[in-house]
Amino acid sequence: MARRALILIEGHRSIGLLYVKAARGLGLHPITLSADPTCHDYLAAEGIEAIRVDTDNLDALIRECSRLSATYDIAGITGFSGADESVYATVGKLCRYFDLPGPNSTSVERCCDKFTQRQLLAEAGVPMPAYRLAADSTEVESSAADIGLPVILKPAVGSGSSGVRLCRNFDEVAEHTTSLLGAKRISQSSPRILVEEFAQGPFYWANLMGNEIIAIGAGDFGRPPHFVFREVTYPALLTDEERERIAIISLSCLRALGLGWGPTNIEFRWTKCGPVVIEVNPRLVGGADPQLVQLAYGVDLITEHIRLVVGDEWDLRRRHSHTAAARYLVPDRDGTLDWIGRDSRAAAISGVAEVKFYVRPKTLIVRKGDYRDRIGHVIAASPSLAQTKAILQRAVDLIDFSITPFPTVGE
């Protein structure tokens, strides 16, 4: 009898290894297809079967999966987003080709284009910040003037807060527009920039599986103008009425975008007018969130997603109700990471679930203003919010790392 395999398209620095371990726990053989398997350290470290293939080429992926099906029983296919969400749309096409459970690729593609997503949500009456689409610096400046400063500028396609910036005056608008247009020229695609009203208020997001809301978390960012998470907490401190409002809007988003299979992550700002949708992501959220949801509720989102992918019955029942939080370690300067200290002492504190660094000493640190700026995290959990926060702070206070700034010109 052929061994059951789970095909993973590309990898992921925070949840890729968790998928591999969960697949093995379900008796599946994980196989990663990647344009460059060496980009994902855990593949070699864990001895995971990895095959080099052009993951932007659907025909190449079909050929490789067909070849593998001669040896394995391919039970399911899923994957991870990178610079954009296109991989997940490709996953949907592969699943349809091989008659396997999977996301609707058309719905994912519509969702991945942030302007198209905004249009579909607006047609459904979903509350959102004001927005415009711009193709050049003149249109960006005009849109910013129409909406009113401050504004958010972001690429129309992308993920992980890459290229997202708060612009408080027209000099910042011009500067970031030049940066975004330059990046588009490098990628040889037509420049498309979203100009959005800066929705001010607490930041929340809902994690859904199918049409069911599993958890609502709260996040705090570091200093503007970028949006790099500093801390994430589950559950968000909301009233029953506030949770219900987020739930109603979340389900409206699914209907408007044709989603509802598998995981979805929906981001909100709670403004003076109530919750407005910042973004809908047709995939499982990365970072520490899956671990936090499991610590807070006892629901293993990754295992249950894999069950769905391979056609098994999932179990989304909550086992308990705790508070779990993560503090991301973000450097305050560029330079060379010299050393990391006392992380083992922090990990030994009761209530600390994990202390993890994503980089090693002597790594060059060049901040980009997005998720790549995070060099590690600390996760803690306990029965109460106050206790979890205290554990987290005690652990973070113990951790040391040193960065030597790069020499300045002339040194």
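A donor-acceptor contact under 3.5 angstrom links the side chains of Y358 and H377, judged on distance only. Using modelled atom types and a 3.5 Å distance limit, the side chains of D289 and W205 yield a donor-acceptor pair. No donor-acceptor contact under 3.5 angstrom links the side chains of S34 and D36, judged on distance only. Side chains of Q291 and Y234: a donor-acceptor N/O pair is absent below 3.5 angstrom, by distance only.
T71 approaches A2 most closely through the heavy-atom pair O-CB, 3.8 Å. In terms of heavy atoms, L28 sits closest to A75 at CD2-CB, 4.1 Å. The shortest heavy-atom contact between G163 and H176 is O-NE2, 2.7 Å.
In summary, R317 and E304 do not engage in a salt bridge, as defined by a charged side-chain N under 4.0 Å from a carboxylate O. Using a 4.0 Å cut-off between a side-chain N of Lys or Arg and a carboxylate O of Asp or Glu, E139 and R192 do not qualify as a salt bridge. Under a 4.0 Å N-O distance rule, the pair R230/D220 does not qualify as a salt bridge. Salt bridge annotation for E279-R118: absent, with no cationic side-chain nitrogen under 4.0 angstrom from a carboxylate oxygen. With salt bridges taken as basic N to acidic carboxylate O contacts below 4.0 Å, one links R319 and D315. D373 and K368 are not joined by a salt bridge, as no carboxylate oxygen comes within less than 4.0 angstrom of a charged side-chain nitrogen. E196 and K154 are joined by a salt bridge, as a carboxylate oxygen and a charged side-chain nitrogen come within less than 4.0 angstrom of each other.
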Problem set entry | Trace of the side-chain contact (heavy atoms from CB on, under 4.5 Å) decision for E10 with T32 | CA-CA 6 Å; E10 287 300 343; T32 293; over 6 Å; no
For this session: Would you please test I7 and L33 for side-chain contact (heavy atoms from CB on, under 4.5 Å) and show each step?
Result: CA-CA 7 Å; I7 305 297; L33 306 184; 3.8 Å; yes
For this session: Decide yes or no on side-chain contact (heavy atoms from CB on, under 4.5 Å) for T78 and L8, but give the supporting numbers first.
Result: CA-CA 5 Å; T78 190; L8 299 168; 3.5 Å; yes
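Using a distance-only test at 3.5 Å, with no hydrogens or angles considered, a donor-acceptor pair links the side chain of H12 to the main chain of S14. Between the side chain of Q117 and the backbone N or O of C112 there is no donor-acceptor pair closer than 3.5 Å. A donor-acceptor pair is defined here as one N or O able to donate and one able to accept, closer than 3.5 Å; no such pair exists between the side chain of Y19 and the backbone of T303. Formation of a donor-acceptor pair under 3.5 Å by the T336 side chain with backbone atoms of D338 is not found in this model. Checked by atom type and distance alone, the side chain of T178 pairs as donor or acceptor with a backbone atom of A174 at under 3.5 Å. A donor-acceptor contact shorter than 3.5 Å links the side chain of S384 to the backbone of Q387. A distance-only check finds no donor-acceptor pair linking the side chain of R333 to the backbone of P405 [under 3.5 Å].
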Expected list for residues 243-250: side-chain donor-acceptor pairs under 3.5 angstrom, two or more places apart:
{"from": "R243", "atom 1": "NH1", "to": "L238", "atom 2": "O", "distance (Å)": "2.8"}
{"from": "R243", "atom 1": "NH2", "to": "D240", "atom 2": "OD1", "distance (Å)": "2.3"}
{"from": "S250", "atom 1": "OG", "to": "I246", "atom 2": "O", "distance (Å)": "2.7"}

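A side chain to side chain donor-acceptor pair (under 3.5 Å) check over residues 343-352, counting only residues at least two apart or in different chains, returns nothing.
For D397, the CG atom counts as densely surrounded, since its 6.0 Å shell holds more than 12 non-hydrogen atoms of other residues, nucleotides or ligands. No more than 12 heavy atoms of other residues, nucleotides or ligands shown are found within 6.0 angstrom of CG on L237. For CZ of R269, the number of neighbouring non-hydrogen atoms (other residues, nucleotides, ligands) closer than 6.0 Å is greater than 12. Counted within 6.0 Å of CD on E141, heavy atoms from surrounding residues, nucleotides or ligands total 12 or fewer; the atom is thus considered open.
Of the candidates I214, D300, V285, V293 forms a side-chain contact (heavy atoms from CB on, under 4.5 Å) with just one, namely I214. With P282 as the fixed residue, the side-chain contact (heavy atoms from CB on, under 4.5 Å) test singles out one of C111, P103, S105, S107: C111. Tested against P235 for a side-chain contact (heavy atoms from CB on, under 4.5 Å), the candidates I216, L385, T323, L292 yield a single pass: T323.
The CD1 atom of I51 lies 10.5 Å from the CG atom of L61; values are rounded to the nearest 0.5 Å. Taking CG of N265 as the start and CG of L208 as the end, the distance is 8.5 Å to the nearest 0.5 Å. How far CG of L94 is from SG of C65: 5.5 Å, rounded to the nearest 0.5 Å. With rounding to the nearest 0.5 angstrom, the CG atom of L257 is 11.0 Å from the CZ atom of R255. Distance check: D59 CG to D54 CG gives 10.5 Å after rounding to the nearest 0.5 Å.
For F221, the ring-ring contact (aromatic ring centres under 6.0 Å, His included) partners two or more places apart in sequence, or in a different chain, are F203, F227, F229.
Ring geometry for H40 versus Y42: interplanar angle of 30 to 60°, hence tilted. The aromatic rings of Y88 and H305 lie tilted to each other, with the angle between the two planes from 30° to 60°.
Residues H320 and Y297 place their aromatic rings such that the two centres sit no closer than 6.0 Å.
Contact of the Q294 side chain with the V299 side chain is not registered, since no non-hydrogen atoms from C-beta on lie closer than 4.5 Å.
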